[in-house]
Protein chains: 2
Amino acid sequence: MNAPTIAHINCADCPIRHRAVCARCEADELEALDTIKYYRTYEAGQPIIWSGDVMNFVGSVVSGIATLTQTMEDGRTQMVGLLLPSDFVGRPGRDGAAYNVVATTDLVMCCFRKKPFEDLMAKTPHIAHRLLEMTLDELDAAREWMLVLGRKTAREKIASLLSIIARRDASLTPDGAVQSMTFDLPLTREAMADYLGLTLETVSRQVSALKKDGVISLEGKRRVTVPDMGRLMEEAGDDSDGGFLL
Amino acid sequence: MNAPTIAHINCADCPIRHRAVCARCEADELEALDTIKYYRTYEAGQPIIWSGDVMNFVGSVVSGIATLTQTMEDGRTQMVGLLLPSDFVGRPGRDGAAYNVVATTDLVMCCFRKKPFEDLMAKTPHIAHRLLEMTLDELDAAREWMLVLGRKTAREKIASLLSIIARRDASLTPDGAVQSMTFDLPLTREAMADYLGLTLETVSRQVSALKKDGVISLEGKRRVTVPDMGRLMEEAGDDSDGGFLL
DNA sequence: AACGAACTTTGACCTAGATCAAACGGGACT
DNA sequence: AGTCCCGTTTGATCTAGGTCAAAGTTCGTT
(Lines give C-alpha, C1' and ligand atoms only; values in the text may rest on other atoms or scores of the structure.)
Protein backbone atom coordinates (compact mmCIF):
# COMPACT_ATOMS: atom_id res chain seq x y z
CA MET A 1 0.00 0.00 0.00
CA ASN A 2 1.02 3.64 -0.37
CA ALA A 3 2.55 5.36 2.59
CA PRO A 4 0.57 8.56 3.22
CA THR A 5 2.42 11.76 2.53
CA ILE A 6 0.34 13.86 4.87
CA ALA A 7 -0.38 12.39 8.26
CA HIS A 8 -2.09 14.19 11.05
CA ILE A 9 -2.61 12.78 14.47
CA ASN A 10 -6.31 12.60 13.95
CA CYS A 11 -7.16 11.92 10.35
CA ALA A 12 -5.32 10.56 7.40
CA ASP A 13 -8.10 11.46 5.05
CA CYS A 14 -9.96 14.49 6.35
CA PRO A 15 -11.00 16.67 3.48
CA ILE A 16 -9.02 19.64 4.64
CA ARG A 17 -5.43 20.59 4.38
CA HIS A 18 -4.31 20.21 7.95
CA ARG A 19 -2.37 23.10 9.30
CA ALA A 20 0.08 20.82 10.99
CA VAL A 21 1.67 17.82 9.42
CA CYS A 22 3.40 14.97 11.13
CA ALA A 23 5.69 13.36 8.61
CA ARG A 24 7.02 10.86 11.08
CA CYS A 25 3.84 8.90 11.54
CA GLU A 26 3.87 5.46 10.08
CA ALA A 27 1.17 3.98 7.93
CA ASP A 28 0.16 1.35 10.44
CA GLU A 29 -0.36 3.95 13.13
CA LEU A 30 -2.69 5.78 10.83
CA GLU A 31 -4.60 2.63 10.15
CA ALA A 32 -4.91 2.06 13.86
CA LEU A 33 -6.30 5.58 14.16
CA ASP A 34 -8.70 4.99 11.31
CA THR A 35 -10.27 2.04 13.09
CA ILE A 36 -11.24 4.00 16.20
CA LYS A 37 -12.28 7.34 14.86
CA TYR A 38 -15.72 8.57 13.98
CA TYR A 39 -17.21 11.78 12.63
CA ARG A 40 -19.79 13.93 14.25
CA THR A 41 -21.64 17.00 13.02
CA TYR A 42 -23.09 19.94 14.92
CA GLU A 43 -25.35 22.73 13.79
CA ALA A 44 -24.50 26.41 14.06
CA GLY A 45 -25.17 27.58 17.61
CA GLN A 46 -25.26 24.09 19.07
CA PRO A 47 -23.26 23.46 22.24
CA ILE A 48 -20.71 20.67 22.00
CA ILE A 49 -19.74 20.46 25.66
CA TRP A 50 -20.59 22.38 28.80
CA SER A 51 -17.92 23.21 31.30
CA GLY A 52 -17.92 20.56 33.99
CA ASP A 53 -19.46 17.83 31.86
CA VAL A 54 -17.68 14.56 31.56
CA MET A 55 -16.02 14.45 28.22
CA ASN A 56 -15.58 10.95 26.90
CA PHE A 57 -13.94 11.87 23.63
CA VAL A 58 -11.19 13.94 22.11
CA GLY A 59 -11.07 15.11 18.55
CA SER A 60 -10.34 17.83 16.14
CA VAL A 61 -12.25 20.20 13.96
CA VAL A 62 -12.58 19.12 10.34
CA SER A 63 -14.68 22.01 9.09
CA GLY A 64 -16.53 24.91 10.66
CA ILE A 65 -15.72 26.98 13.69
CA ALA A 66 -16.23 26.50 17.40
CA THR A 67 -15.45 28.67 20.39
CA LEU A 68 -14.11 27.90 23.83
CA THR A 69 -15.60 30.16 26.50
CA GLN A 70 -15.50 30.64 30.25
CA THR A 71 -18.36 32.25 32.11
CA MET A 72 -18.69 33.84 35.54
CA GLU A 73 -21.83 33.37 37.61
CA ASP A 74 -23.05 36.88 36.78
CA GLY A 75 -22.85 36.15 33.09
CA ARG A 76 -19.63 37.89 32.11
CA THR A 77 -18.03 35.65 29.54
CA GLN A 78 -14.59 35.45 28.05
CA MET A 79 -13.70 33.48 25.00
CA VAL A 80 -10.46 31.62 25.62
CA GLY A 81 -10.03 29.92 22.32
CA LEU A 82 -11.20 29.85 18.75
CA LEU A 83 -11.27 26.41 17.18
CA LEU A 84 -10.61 26.43 13.48
CA PRO A 85 -10.19 23.42 11.21
CA SER A 86 -7.35 21.17 12.41
CA ASP A 87 -7.54 22.40 16.01
CA PHE A 88 -7.67 19.80 18.71
CA VAL A 89 -10.30 19.58 21.45
CA GLY A 90 -10.14 17.68 24.68
CA ARG A 91 -7.64 16.63 27.18
CA PRO A 92 -6.21 13.15 27.36
CA GLY A 93 -5.88 12.19 30.99
CA ARG A 94 -8.70 14.33 32.35
CA ASP A 95 -12.43 13.68 32.38
CA GLY A 96 -14.12 17.00 33.05
CA ALA A 97 -14.35 19.70 30.42
CA ALA A 98 -12.99 23.02 31.67
CA TYR A 99 -14.80 25.26 29.19
CA ASN A 100 -17.96 25.59 27.19
CA VAL A 101 -17.42 24.54 23.62
CA VAL A 102 -19.98 25.85 21.15
CA ALA A 103 -20.25 25.46 17.40
CA THR A 104 -20.61 28.93 15.88
CA THR A 105 -21.06 27.59 12.38
CA ASP A 106 -22.12 24.17 11.15
CA LEU A 107 -19.29 21.97 12.25
CA VAL A 108 -17.76 18.58 11.56
CA MET A 109 -15.55 17.03 14.19
CA CYS A 110 -13.34 14.00 13.89
CA CYS A 111 -13.57 12.24 17.24
CA PHE A 112 -12.01 9.40 19.16
CA ARG A 113 -13.42 7.83 22.27
CA LYS A 114 -11.01 8.90 24.94
CA LYS A 115 -9.97 5.54 26.31
CA PRO A 116 -8.92 3.97 22.99
CA PHE A 117 -7.15 7.18 22.07
CA GLU A 118 -5.21 7.16 25.32
CA ASP A 119 -4.29 3.52 24.77
CA LEU A 120 -3.10 4.32 21.30
CA MET A 121 -1.15 7.27 22.60
CA ALA A 122 0.60 5.06 25.14
CA LYS A 123 1.65 2.74 22.35
CA THR A 124 2.69 5.29 19.75
CA PRO A 125 5.05 7.95 21.08
CA HIS A 126 4.81 10.06 17.95
CA ILE A 127 1.25 10.87 18.75
CA ALA A 128 2.13 12.08 22.22
CA HIS A 129 4.94 14.18 20.77
CA ARG A 130 2.69 15.66 18.16
CA LEU A 131 0.08 16.44 20.78
CA LEU A 132 2.71 18.07 22.98
CA GLU A 133 3.79 20.21 20.07
CA MET A 134 0.22 21.28 19.38
CA THR A 135 -0.41 22.03 23.03
CA LEU A 136 2.72 24.15 23.20
CA ASP A 137 1.49 26.08 20.17
CA GLU A 138 -1.82 26.65 21.88
CA LEU A 139 -0.03 27.82 24.99
CA ASP A 140 1.94 30.32 22.93
CA ALA A 141 -1.28 31.53 21.34
CA ALA A 142 -2.95 31.87 24.74
CA ARG A 143 -0.02 33.89 26.03
CA GLU A 144 0.01 36.12 22.99
CA TRP A 145 -3.65 36.70 23.70
CA MET A 146 -2.88 37.68 27.28
CA LEU A 147 -0.87 40.60 25.93
CA VAL A 148 -3.82 41.58 23.75
CA LEU A 149 -6.27 41.41 26.65
CA GLY A 150 -4.06 43.06 29.22
CA ARG A 151 -2.34 45.85 27.37
CA LYS A 152 -3.83 46.69 24.00
CA THR A 153 -6.34 49.43 23.20
CA ALA A 154 -9.71 48.60 21.70
CA ARG A 155 -8.52 49.51 18.21
CA GLU A 156 -5.40 47.37 18.57
CA LYS A 157 -7.49 44.51 19.87
CA ILE A 158 -9.75 44.55 16.82
CA ALA A 159 -6.76 44.75 14.49
CA SER A 160 -5.11 41.86 16.35
CA LEU A 161 -8.19 39.69 16.00
CA LEU A 162 -8.57 40.45 12.31
CA SER A 163 -4.91 39.78 11.77
CA ILE A 164 -5.09 36.41 13.53
CA ILE A 165 -8.15 35.32 11.60
CA ALA A 166 -6.58 36.44 8.36
CA ARG A 167 -3.38 34.60 9.17
CA ARG A 168 -5.18 31.38 10.01
CA ASP A 169 -7.31 31.71 6.91
CA ALA A 170 -4.31 32.30 4.71
CA SER A 171 -2.54 29.25 6.07
CA LEU A 172 -5.28 27.08 4.61
CA THR A 173 -4.66 28.38 1.09
CA PRO A 174 -1.06 29.52 1.20
CA ASP A 175 0.52 31.75 -1.40
CA GLY A 176 3.73 32.54 0.41
CA ALA A 177 3.87 36.18 1.39
CA VAL A 178 0.54 37.96 1.14
CA GLN A 179 -0.08 41.65 0.80
CA SER A 180 -3.84 41.98 0.63
CA MET A 181 -6.60 39.54 1.38
CA THR A 182 -10.31 38.98 1.78
CA PHE A 183 -12.08 36.69 4.20
CA ASP A 184 -15.31 36.11 6.06
CA LEU A 185 -15.58 37.04 9.71
CA PRO A 186 -16.78 33.89 11.38
CA LEU A 187 -17.93 35.74 14.50
CA THR A 188 -20.75 38.05 15.49
CA ARG A 189 -19.82 41.39 17.05
CA GLU A 190 -20.78 39.94 20.38
CA ALA A 191 -18.48 36.95 19.98
CA MET A 192 -15.68 39.28 18.95
CA ALA A 193 -16.35 41.33 22.06
CA ASP A 194 -16.18 38.21 24.21
CA TYR A 195 -12.89 37.28 22.65
CA LEU A 196 -11.41 40.74 23.13
CA GLY A 197 -12.75 41.64 26.55
CA LEU A 198 -14.82 44.52 25.13
CA THR A 199 -18.49 45.30 24.67
CA LEU A 200 -20.16 44.71 21.35
CA GLU A 201 -20.77 48.44 20.96
CA THR A 202 -17.07 49.18 21.24
CA VAL A 203 -16.30 46.45 18.72
CA SER A 204 -18.77 47.96 16.29
CA ARG A 205 -17.38 51.46 16.73
CA GLN A 206 -13.79 50.36 16.25
CA VAL A 207 -14.60 48.27 13.19
CA SER A 208 -16.30 51.34 11.73
CA ALA A 209 -13.27 53.44 12.59
CA LEU A 210 -10.85 51.02 10.90
CA LYS A 211 -13.10 51.08 7.86
CA LYS A 212 -13.25 54.88 7.81
CA ASP A 213 -9.46 54.99 8.01
CA GLY A 214 -9.08 52.60 5.10
CA VAL A 215 -7.39 49.83 7.07
CA ILE A 216 -10.16 47.45 6.06
CA SER A 217 -13.23 47.55 3.87
CA LEU A 218 -16.47 45.70 4.34
CA GLU A 219 -18.85 44.00 1.99
CA GLY A 220 -21.99 43.40 4.01
CA LYS A 221 -21.33 42.99 7.70
CA ARG A 222 -19.09 39.98 7.57
CA ARG A 223 -16.90 39.96 4.48
CA VAL A 224 -13.69 41.84 5.16
CA THR A 225 -10.96 42.82 2.78
CA VAL A 226 -7.63 44.01 4.08
CA PRO A 227 -5.84 45.99 1.37
CA ASP A 228 -2.54 45.96 3.25
CA MET A 229 -1.77 43.29 5.82
CA GLY A 230 1.32 45.17 6.96
CA ARG A 231 -0.79 48.18 7.83
CA LEU A 232 -3.22 46.00 9.76
CA MET A 233 -0.41 44.48 11.75
CA GLU A 234 0.94 47.91 12.57
CA GLU A 235 -2.49 48.84 13.84
CA ALA A 236 -2.40 45.70 15.96
CA GLY A 237 0.77 46.93 17.61
CA ASP A 238 2.70 43.83 16.56
CA ASP A 239 6.32 44.28 15.63
CA SER A 240 5.72 44.12 11.91
CA ASP A 241 8.94 42.57 10.68
CA GLY A 242 8.20 43.79 7.20
CA GLY A 243 6.57 41.12 5.02
CA PHE A 244 3.74 38.87 6.00
CA LEU A 245 5.29 35.45 5.60
CA LEU A 246 3.56 32.29 6.67
CA MET B 1 18.59 -0.26 44.92
CA ASN B 2 15.55 1.56 46.20
CA ALA B 3 12.97 2.65 43.72
CA PRO B 4 12.31 6.35 44.30
CA THR B 5 8.94 7.18 45.73
CA ILE B 6 8.85 10.70 44.37
CA ALA B 7 10.05 11.13 40.85
CA HIS B 8 9.78 14.28 38.86
CA ILE B 9 10.73 14.59 35.26
CA ASN B 10 13.59 16.85 36.09
CA CYS B 11 15.08 15.94 39.43
CA ALA B 12 15.09 12.91 41.62
CA ASP B 13 16.71 14.76 44.46
CA CYS B 14 15.77 18.41 44.29
CA PRO B 15 15.35 19.77 47.77
CA ILE B 16 11.79 20.79 47.29
CA ARG B 17 8.55 18.94 47.38
CA HIS B 18 7.58 18.96 43.75
CA ARG B 19 4.05 19.99 43.06
CA ALA B 20 3.66 17.30 40.50
CA VAL B 21 4.71 13.75 40.96
CA CYS B 22 5.23 11.14 38.33
CA ALA B 23 4.94 7.77 40.02
CA ARG B 24 5.41 5.88 36.82
CA CYS B 25 9.01 6.86 36.21
CA GLU B 26 11.46 4.05 36.59
CA ALA B 27 14.68 4.26 38.52
CA ASP B 28 16.90 3.89 35.49
CA GLU B 29 15.20 6.77 33.75
CA LEU B 30 15.94 8.91 36.72
CA GLU B 31 19.54 7.89 36.67
CA ALA B 32 19.73 8.79 33.03
CA LEU B 33 18.32 12.21 33.91
CA ASP B 34 20.82 12.62 36.71
CA THR B 35 23.72 12.20 34.37
CA ILE B 36 22.74 15.09 32.09
CA LYS B 37 21.35 17.66 34.44
CA TYR B 38 23.08 20.60 36.02
CA TYR B 39 22.12 23.38 38.39
CA ARG B 40 22.34 27.06 37.76
CA THR B 41 21.72 30.03 40.01
CA TYR B 42 20.54 33.53 39.20
CA GLU B 43 20.41 36.64 41.33
CA ALA B 44 17.26 38.63 42.00
CA GLY B 45 16.56 40.88 39.04
CA GLN B 46 18.81 38.99 36.67
CA PRO B 47 17.46 38.11 33.23
CA ILE B 48 17.51 34.42 32.37
CA ILE B 49 16.54 34.64 28.72
CA TRP B 50 15.49 37.41 26.37
CA SER B 51 12.71 36.87 23.91
CA GLY B 52 14.20 35.84 20.59
CA ASP B 53 17.43 34.45 22.03
CA VAL B 54 18.39 30.93 21.19
CA MET B 55 17.66 28.78 24.16
CA ASN B 56 19.86 25.75 24.39
CA PHE B 57 18.43 24.33 27.57
CA VAL B 58 15.21 23.41 29.27
CA GLY B 59 14.74 23.13 32.99
CA SER B 60 12.62 23.78 35.96
CA VAL B 61 12.64 26.06 38.93
CA VAL B 62 14.00 24.53 42.11
CA SER B 63 13.71 27.56 44.37
CA GLY B 64 12.90 31.22 43.90
CA ILE B 65 10.56 32.93 41.49
CA ALA B 66 10.83 33.99 37.89
CA THR B 67 8.45 35.79 35.56
CA LEU B 68 7.61 35.34 31.91
CA THR B 69 6.85 38.63 30.18
CA GLN B 70 6.03 39.94 26.75
CA THR B 71 6.79 43.51 25.74
CA MET B 72 5.57 45.78 22.97
CA GLU B 73 7.93 48.19 21.22
CA ASP B 74 6.53 51.15 23.13
CA GLY B 75 7.29 49.48 26.42
CA ARG B 76 3.90 48.20 27.47
CA THR B 77 4.55 44.87 29.11
CA GLN B 78 2.35 41.97 30.07
CA MET B 79 3.40 39.17 32.34
CA VAL B 80 2.24 35.88 30.85
CA GLY B 81 3.45 33.49 33.47
CA LEU B 82 4.76 33.24 36.98
CA LEU B 83 7.32 30.50 37.50
CA LEU B 84 7.25 29.03 40.97
CA PRO B 85 9.26 26.06 42.22
CA SER B 86 8.59 22.94 40.12
CA ASP B 87 7.50 24.93 37.06
CA PHE B 88 9.06 24.03 33.76
CA VAL B 89 10.79 26.44 31.40
CA GLY B 90 11.60 25.96 27.78
CA ARG B 91 10.23 24.27 24.80
CA PRO B 92 11.53 20.99 23.49
CA GLY B 93 11.51 21.15 19.72
CA ARG B 94 11.95 24.90 19.34
CA ASP B 95 15.08 26.98 19.57
CA GLY B 96 13.97 30.57 20.06
CA ALA B 97 12.60 31.81 23.35
CA ALA B 98 9.23 33.48 22.94
CA TYR B 99 9.31 35.53 26.14
CA ASN B 100 11.60 37.34 28.50
CA VAL B 101 12.32 35.25 31.55
CA VAL B 102 13.56 37.18 34.57
CA ALA B 103 14.44 36.03 38.06
CA THR B 104 12.53 38.19 40.52
CA THR B 105 14.16 36.60 43.54
CA ASP B 106 17.39 34.66 43.87
CA LEU B 107 16.72 31.56 41.88
CA VAL B 108 18.01 28.03 41.39
CA MET B 109 17.16 26.22 38.21
CA CYS B 110 17.66 22.59 37.38
CA CYS B 111 18.65 22.51 33.72
CA PHE B 112 19.24 20.08 30.91
CA ARG B 113 20.97 20.86 27.67
CA LYS B 114 18.20 20.69 25.14
CA LYS B 115 19.56 18.11 22.75
CA PRO B 116 20.25 15.39 25.34
CA PHE B 117 16.90 16.10 26.92
CA GLU B 118 15.12 15.69 23.62
CA ASP B 119 16.99 12.46 22.99
CA LEU B 120 15.98 11.21 26.37
CA MET B 121 12.41 12.24 25.74
CA ALA B 122 12.37 10.29 22.50
CA LYS B 123 13.51 7.20 24.37
CA THR B 124 11.32 7.48 27.45
CA PRO B 125 7.65 8.06 26.66
CA HIS B 126 6.76 8.74 30.28
CA ILE B 127 8.70 11.96 30.15
CA ALA B 128 6.82 13.16 27.10
CA HIS B 129 3.53 12.24 28.74
CA ARG B 130 4.44 14.04 31.91
CA LEU B 131 5.49 17.08 29.95
CA LEU B 132 2.23 17.02 28.02
CA GLU B 133 0.32 16.89 31.27
CA MET B 134 2.26 19.86 32.64
CA THR B 135 1.78 21.82 29.45
CA LEU B 136 -1.95 21.18 29.52
CA ASP B 137 -2.01 22.46 33.10
CA GLU B 138 -0.20 25.58 32.02
CA LEU B 139 -2.65 26.04 29.18
CA ASP B 140 -5.54 25.82 31.62
CA ALA B 141 -3.85 28.37 33.84
CA ALA B 142 -3.26 30.70 30.90
CA ARG B 143 -6.90 30.45 29.90
CA GLU B 144 -8.09 31.07 33.41
CA TRP B 145 -5.92 34.16 33.33
CA MET B 146 -7.55 35.30 30.09
CA LEU B 147 -10.83 35.54 31.99
CA VAL B 148 -9.11 37.59 34.67
CA LEU B 149 -7.55 39.96 32.14
CA GLY B 150 -10.57 40.30 29.91
CA ARG B 151 -13.50 40.50 32.25
CA LYS B 152 -12.61 41.12 35.87
CA THR B 153 -12.57 44.46 37.69
CA ALA B 154 -9.39 45.77 39.28
CA ARG B 155 -10.46 44.58 42.71
CA GLU B 156 -11.31 41.12 41.41
CA LYS B 157 -8.00 40.98 39.60
CA ILE B 158 -6.05 41.67 42.79
CA ALA B 159 -8.08 39.12 44.71
CA SER B 160 -7.52 36.57 41.94
CA LEU B 161 -3.78 37.09 42.02
CA LEU B 162 -3.60 36.81 45.80
CA SER B 163 -5.74 33.72 45.69
CA ILE B 164 -3.52 32.07 43.08
CA ILE B 165 -0.33 32.85 44.96
CA ALA B 166 -1.86 31.63 48.19
CA ARG B 167 -3.02 28.43 46.52
CA ARG B 168 0.37 27.71 45.02
CA ASP B 169 2.05 28.52 48.30
CA ALA B 170 -0.26 26.25 50.23
CA SER B 171 0.35 23.37 47.86
CA LEU B 172 4.00 23.34 48.94
CA THR B 173 3.06 22.81 52.59
CA PRO B 174 -0.32 21.16 52.39
CA ASP B 175 -2.66 20.85 55.31
CA GLY B 176 -5.75 19.75 53.46
CA ALA B 177 -8.44 22.39 53.56
CA VAL B 178 -7.23 25.79 54.69
CA GLN B 179 -9.26 28.60 56.13
CA SER B 180 -6.75 31.33 56.81
CA MET B 181 -3.17 31.77 55.74
CA THR B 182 -0.14 34.03 55.61
CA PHE B 183 2.42 34.36 52.86
CA ASP B 184 4.94 36.69 51.28
CA LEU B 185 4.09 38.53 48.12
CA PRO B 186 6.91 37.69 45.76
CA LEU B 187 6.13 40.60 43.45
CA THR B 188 6.48 44.37 43.47
CA ARG B 189 3.36 46.43 42.83
CA GLU B 190 4.67 47.05 39.34
CA ALA B 191 5.08 43.35 38.63
CA MET B 192 1.58 42.74 39.96
CA ALA B 193 0.32 45.46 37.64
CA ASP B 194 2.08 43.84 34.69
CA TYR B 195 0.50 40.53 35.55
CA LEU B 196 -2.97 42.01 35.90
CA GLY B 197 -3.00 44.48 33.05
CA LEU B 198 -3.31 47.43 35.45
CA THR B 199 -1.12 50.33 36.52
CA LEU B 200 0.87 50.14 39.71
CA GLU B 201 -1.18 52.97 41.21
CA THR B 202 -4.39 51.03 40.72
CA VAL B 203 -2.82 47.96 42.26
CA SER B 204 -1.77 49.96 45.29
CA ARG B 205 -5.22 51.51 45.68
CA GLN B 206 -7.02 48.18 45.43
CA VAL B 207 -4.67 46.46 47.84
CA SER B 208 -5.36 49.28 50.29
CA ALA B 209 -9.08 48.88 49.71
CA LEU B 210 -8.99 45.12 50.34
CA LYS B 211 -7.07 45.85 53.52
CA LYS B 212 -9.53 48.50 54.65
CA ASP B 213 -12.37 46.05 54.06
CA GLY B 214 -10.69 43.36 56.12
CA VAL B 215 -10.26 40.89 53.28
CA ILE B 216 -6.52 40.87 53.90
CA SER B 217 -4.11 42.41 56.37
CA LEU B 218 -0.55 43.48 55.76
CA GLU B 219 2.60 43.29 57.80
CA GLY B 220 5.06 45.57 56.08
CA LYS B 221 4.41 45.90 52.36
CA ARG B 222 4.87 42.31 51.37
CA ARG B 223 3.65 39.94 54.06
CA VAL B 224 -0.04 39.21 53.56
CA THR B 225 -2.41 37.36 55.81
CA VAL B 226 -5.77 36.27 54.53
CA PRO B 227 -8.10 35.61 57.45
CA ASP B 228 -10.69 33.89 55.27
CA MET B 229 -9.72 32.28 51.99
CA GLY B 230 -13.37 31.78 51.09
CA ARG B 231 -13.99 35.49 51.33
CA LEU B 232 -10.95 36.22 49.18
CA MET B 233 -12.18 33.83 46.51
CA GLU B 234 -15.59 35.46 46.55
CA GLU B 235 -13.89 38.80 45.99
CA ALA B 236 -12.05 37.21 43.09
CA GLY B 237 -15.37 36.34 41.50
CA ASP B 238 -14.55 32.63 41.42
CA ASP B 239 -17.34 30.21 42.04
CA SER B 240 -16.32 29.45 45.59
CA ASP B 241 -17.47 25.86 45.94
CA GLY B 242 -17.37 26.20 49.70
CA GLY B 243 -14.12 24.89 51.20
CA PHE B 244 -10.67 25.58 49.94
CA LEU B 245 -9.39 22.10 49.17
CA LEU B 246 -6.10 21.47 47.47
C1' DA C 1 22.51 59.39 62.32
C1' DA C 2 22.09 61.11 57.85
C1' DC C 3 21.55 60.25 53.08
C1' DG C 4 19.75 58.05 48.84
C1' DA C 5 17.49 55.00 45.97
C1' DA C 6 13.86 52.12 45.17
C1' DC C 7 9.34 51.06 46.22
C1' DT C 8 4.73 52.48 47.76
C1' DT C 9 0.82 55.34 48.88
C1' DT C 10 -2.35 59.05 48.16
C1' DG C 11 -4.53 62.91 45.76
C1' DA C 12 -6.54 65.47 41.70
C1' DC C 13 -7.93 65.17 37.32
C1' DC C 14 -8.86 63.04 32.71
C1' DT C 15 -10.12 59.72 29.13
C1' DA C 16 -11.13 55.21 26.91
C1' DG C 17 -14.42 52.34 26.98
C1' DA C 18 -18.87 50.93 29.37
C1' DT C 19 -23.69 51.68 29.75
C1' DC C 20 -28.18 52.98 28.35
C1' DA C 21 -31.12 53.88 24.60
C1' DA C 22 -32.82 54.25 20.09
C1' DA C 23 -32.76 53.42 15.34
C1' DC C 24 -31.25 50.71 11.33
C1' DG C 25 -30.54 46.65 8.15
C1' DG C 26 -31.48 42.29 6.04
C1' DG C 27 -33.05 37.87 5.51
C1' DA C 28 -36.66 34.30 6.63
C1' DC C 29 -41.13 33.71 7.35
C1' DT C 30 -46.30 34.35 6.14
C1' DA D 1 -45.07 43.07 -0.05
C1' DG D 2 -45.15 43.23 4.81
C1' DT D 3 -43.35 42.12 9.32
C1' DC D 4 -40.70 39.89 12.73
C1' DC D 5 -36.30 38.84 14.57
C1' DC D 6 -31.67 39.21 15.18
C1' DG D 7 -27.57 41.37 14.56
C1' DT D 8 -25.56 45.90 13.99
C1' DT D 9 -24.78 50.85 14.16
C1' DT D 10 -24.87 55.25 16.26
C1' DG D 11 -25.63 58.69 19.85
C1' DA D 12 -25.50 60.57 24.69
C1' DT D 13 -23.81 60.04 29.05
C1' DC D 14 -21.23 57.90 32.88
C1' DT D 15 -17.35 55.79 35.37
C1' DA D 16 -13.42 52.66 36.35
C1' DG D 17 -9.13 52.99 35.88
C1' DG D 18 -5.29 55.69 33.77
C1' DT D 19 -2.20 59.73 34.14
C1' DC D 20 0.39 63.12 36.41
C1' DA D 21 2.26 64.78 40.59
C1' DA D 22 3.77 64.83 45.25
C1' DA D 23 4.66 62.59 49.68
C1' DG D 24 5.66 58.74 52.55
C1' DT D 25 8.33 54.05 53.63
C1' DT D 26 11.94 50.97 53.91
C1' DC D 27 16.35 49.72 53.91
C1' DG D 28 21.08 49.58 52.70
C1' DT D 29 25.30 52.62 52.75
C1' DT D 30 28.57 55.83 54.35
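Note that the structure is predicted; figures quoted are calculated from it, not measured. Lettering of chains follows the sequences in order, A, B, ..., and the numbering in each one begins at 1.
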Atom-to-atom span, CG of A:Leu149 to P of D:dG17 - whole angstrom: 15 Å
Atom pair distance, as rounded to whole Å: CD in A:Glu219 and P in C:dG26: 12 Å
Heavy-atom neighbours of B:Gln46 CD exceed 12 at 6.0 Å: yes
Under 4.0 angstrom between B:Arg222 side-chain N/O and C:dC7 OP1 or OP2: no
Touch class at under 4.0 angstrom, heavy-atom based, for B:Gly197 against every strand present: sugar-phosphate
Any B:Val207 side-chain heavy atom under 4.5 Å of B:Ile158 side chain: yes
Inter-end axis angle, the helix from C:dA1-D:dT30 to C:dT30-D:dA1, with every axis fitted to five base pairs (rounded, 10 degrees): 30°
Nucleotide D:dT9, atom C1' - distance to CG of A:Leu200 in whole Å: 10 Å
Closest to the A:Thr188 side chain, choosing from C:dA18, D:dG18, D:dG7: D:dG7
Rounded distance in Å - CG (A:Leu187) to C1' (D:dG7): 13 Å
Sugar-phosphate only, base, or nothing, as touched by B:Leu198 at under 4.0 Å among non-hydrogen atoms: sugar-phosphate
Nearest-Å distance for atom pair CG/P, residues A:Leu218 and C:dC24: 20 Å
A:Phe88 side chain near A:Met134 side chain, heavy-atom distance below 4.5 Å: yes
First of A:Gly220 and B:Val207 reached from the 5' end of DNA chain C, by closest nucleotide: B:Val207
Atom-pair distance (NZ on B:Lys221; P on C:dA6), nearest Å: 18 Å
Side chains of A:Leu68 and B:Met146 in contact at under 4.5 Å (non-hydrogen atoms): no
A:Tyr99/A:Trp50 aromatic ring centres below 6.0 Å: no
Length of the CD-P vector between A:Gln206 and C:dG17, whole Å: 6 Å
